[in-house]
Amino acid sequence: MVIVKEDDKPVDVIPQEFAARTLAQEYGGGAFAVQDNVVVFSNYKDQRLYKQPIGTGSLPVPLTPDYGAPDVSYADGVFDPHFSRYITVMEDRRTSSLNPTTTIVSINLSNGDVHEPKVLISGNDFYASPRIDPTRKRMAWIEWGHPNMPWDKSELWVGNFSESGDLTERVCVAGNNPMLVESPAEPKWSPKGELFFVTDRGSGFWNIYKWVEHTNEVVPMYTLDAEFTRPLWVFGINSYDFLGKSNHIVFTYRRLGRSYLGVLDCDSGSVSLLDIPFSDLSNVVTGNDYFYIEGASGSIPLSIAKVTLDENKTEVINFSIVWSSSPDVMQFRSFFSTPEFIEFPTSSPGQKAYAYFYPPLNPMFQGLPDEKPPLLVKTHGGPTAETRGVLDLSVQYWTSRGWAFLDVNYGGSTGYGREYRERLLKKWGIVDVDDCCSCARFLVENGKVDEQRLCITGRSAGGYTTLASLAFRDTFKAGASLYGIGDITLLRAETHKFESHYMDNLVGNESAYYERSPINFVNKFTCPVILFQGLDDKVVPPDQARKIYKALKESGLPVALVEYEGEQHGFRKAENIKFTLEQQMVFFARTVGKFEVADDITPIKIENFD
């Protein structure tokens, strides 16, 4: 993880022996901050904070103590303009790795010495987003406690600093009204010192609000049935920002499977939507009349673009991509299958769900007129997450070889408001499974795919949905699980603090844990399965895949297991990622596809088949 400065050509900021990555709250994020020509970052190996001047050639110097092991992590930090210090979330695992202490602390920047961090706020289970008013000595932050995840229920607070920099009187701005369930996020102070944030009170959609301090009221700035932020899985999400010193906000939002970009004039309340080539947007960082944005589309890979606005800040006058994850890929554009956004009926009357459908496409070939294509359904992980309709070469791998591909945002997915997200509460393993099966059947009924060649794949939590679909339904003819969760009881017992109550919210009581764990019902599997597993996986231990493999082998079903040395929960090595993709293709082709694969792939042995 390298910090890069965008100049005439990109320049690496930190030396090669450092990596900017924090392990706070397991998933990290918010690993660095920049002010003028100084960067403060969290170093992966020892998890300490370092300070480094940019462009001077000098080495990073540590700001936090060396505790002898990487047991204290920092995230989501900001420079304090009123005191010479850095304010950050700190997670301390020294006494317990399963139940660490999370606080907001200050770290002295005024001299070169290493100081013990000074605790400003403590007492709750979790903290995020410490943000300081540039005009006055005060700070806003987000906090929440068990059993909630931050998107279930959280609180936004503001506290004043004393002359010595301690936090004195404080007020809860949002989230403490027992009559109002909400999860505020992304607090930001305007250049004038007004507090803005995103919350989902009332409508259940995350919209932008402002705190009116003298009446202690919260007022909406722009109301829409759309999501103006994403769930706080990682620190440092930046879905909106102020343009320079003006009172204009650049914002992004998600609505029915695509992203929108706009500018809000906070004085007049007027909104101008902006037109750029990205249909999918995430983080934004602003200058005076320009901003950088992270985005993609069905034909543009994940990229960072610089967008320049006219003097009224209502129209785009220049759009240029400054970084692309796959700069060479556009030469293959004629092969890209672009996603079709579909709404489909679920097993709950009147309830719709959503997916992206990619029809098979290859300019050099055509399907036979009397043959429908095989379908691969992908179930995303999370499960509180959203799959996006963007260019993904691992999807195009299938569509360019004659497969249809379906990426489902089952009930419980984000991007569609709280009510849709909460369809999964107490029903994980039921609603997600039903929606994936319903969508596959919907495509069969509409004549798009071959009912006899429906396959399903998923990784991690998506692997759980895949295994549950294979164990408890008969829609699919074959499946692939990539480090999928077979035993949800075991997952709950061994998970980290951030998610330690997440499973209870999704599953429910003890009997539900047992009844919805596919590992307890391997006798119910009826079709071929291929399993891929990292041997260093701490989230889903290899024993789960081995137990399923052994049982299916004994019951006479075609089954294969691929184990990778040195891989954890998610494969990182290129050769293993490639092998996993190819072996899924050849496994499905041989067991249910009734076709020869186009590539020269040596198949692995399938038990009860070869």
Side-chain angles (χ1 to χ4, degrees), residues 3-6 13-14 18 20-22 24 28-43 47-56 58 60-65 72-91 103-121 127-142 157-167 186-197 235-238 240-245 283-288 291-292:
I3 301 170
V4 180
K5 184 182 181 198
E6 198 269 326
V13 172
I14 58 175
F18 288 85
R21 182 179 167 196
T22 173
F32 75 99
V34 179
Q35 186 179 63
D36 301 325
N37 67 336
V38 173
V39 60
V40 169
F41 68 95
S42 177
N43 184 43
Q47 289 295 293
R48 295 169 76 187
L49 282 180
Y50 286 78
K51 180 171 95 168
Q52 183 188 340
I54 298 169
T56 63
S58 53
V61 295
L63 291 171
T64 54
V72 180
S73 296
Y74 308 88
D76 219 0
V78 288
F79 290 86
D80 184 343
H82 309 294
F83 303 89
S84 181
R85 61 184 184 174
Y86 189 75
I87 292 185
T88 177
V89 175
M90 181 174 94
E91 181 183 89
T103 53
I104 294 177
V105 301
S106 67
I107 287 148
N108 196 331
L109 295 177
S110 58
N111 54 34
D113 299 340
V114 169
H115 293 276
E116 193 68 36
K118 178 182 175 183
V119 174
L120 297 176
I121 310 162
Y127 294 94
S129 310
R131 299 294 180 258
I132 296 162
D133 183 350
T135 67
R136 285 169 57 187
K137 292 178 182 171
R138 59 181 180 170
M139 176 174 79
W141 70 90
I142 301 290
W157 287 77
V158 171
N160 292 326
F161 293 131
S162 67
E163 288 309 308
S164 62
D166 291 317
L167 211 64
E186 288 201 63
K188 286 187 173 64
W189 298 95
S190 75
K192 293 179 179 176
E194 294 182 306
L195 181 63
F196 290 73
F197 60 99
F235 293 106
I237 291 170
N238 214 49
Y240 75 100
D241 212 346
F242 288 91
L243 275 166
K245 298 277 185 265
N283 295 306
V284 61
V285 179
T286 56
N288 285 321
F291 55 90
Y292 290 93

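In this text the structure is predicted, and so the values were computed from the model without any measurement.
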* Asked: Quick one: does NZ or CZ of Arg131 land under 6.0 Å from the six-membered ring centre of Phe242, within 45 degrees of the ring axis?
  ->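 Geometry flag: not set, cation outside 6.0 Å or 45°.
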For [X] versus [Y], what's the shortest heavy-atom pair and its separation?
X	Y	answer
Ala33	Tyr86	CB-OH, 3.5 Å
Pro65	Val114	N-CG1, 3.4 Å
Tyr240	Glu186	OH-O, 2.7 Å
Leu120	Gly165	CD2-O, 3.7 Å
Gly244	Pro191	O-CG, 3.7 Å
Pro187	Ile142	CD-CG1, 3.8 Å

Within the side chain of [X], is there an N or O that forms a donor-acceptor pair under 3.5 Å with the backbone of [Y]?
X	Y	answer
Ser129	Trp141	no
Tyr74	Val105	no
Asp36	Val38	no
His82	Arg136	yes
Glu91	Thr103	no

Nearest 0.5 Å, please: how far is [atom2] in [Y] from [atom1] in [X]?
X	Y	atom1	atom2	value
Ser73	Phe235	OG	CZ	9.5 Å
Phe18	Ser42	CZ	OG	11.5 Å
Ser162	Lys137	OG	NZ	9.0 Å
Lys192	Asp133	NZ	CG	13.5 Å
Thr64	His115	OG1	NE2	12.0 Å
Asn108	Asp113	CG	CG	8.5 Å

Checklist line | Residue Glu163 excluded, over 12 heavy atoms near CD under 6.0 Å | finding: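 It does not: Glu163 CD has 12 such atoms or fewer within range.
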Hey, mind stepping through Ile104 and Met139 against side chain to side chain contact (heavy atoms under 4.5 Å, CB included) and telling me if it holds? CA-CA 11 Å; Ile104 294 177; Met139 176 174 79; 4.2 Å; yes
**Request:** Evaluate the criterion side chain to side chain contact (heavy atoms under 4.5 Å, CB included) for residue pair Asn43 and Arg48; output intermediate values, then yes/no.
**Result:** CA-CA 6 Å; Asn43 184 43; Arg48 295 169 76 187; 5.6 Å; no
(request) Could you walk me through whether Lys118 and Asp166 pass side chain to side chain contact (heavy atoms under 4.5 Å, CB included), step by step? (result) CA-CA 9 Å; Lys118 178 182 175 183; Asp166 291 317; 2.8 Å; yes
Could you tell me whether the side chain of [Y] reaches within less than 4.5 Å of the side chain of [X], counting heavy atoms only?
X	Y	result
Leu167	Ile121	yes
Tyr292	Glu6	yes
Ile107	Lys51	no
Met90	Val72	yes
Trp189	Thr135	no
Pro134	Ser190	no

Going through the checks in order, is the side chain to side chain contact (heavy atoms under 4.5 Å, CB included) test met by Phe41 and Val13?
CA-CA 11 Å; Phe41 68 95; Val13 172; over 6 Å; no
Between Asn238 and Lys188, a side-chain donor and acceptor under 3.5 Å:
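Distance-only check passes for Asn238 and Lys188.
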Which of parallel (below 30°), tilted (30 to 60°) and perpendicular (above 60°) describes Phe161 and Phe83? perpendicular
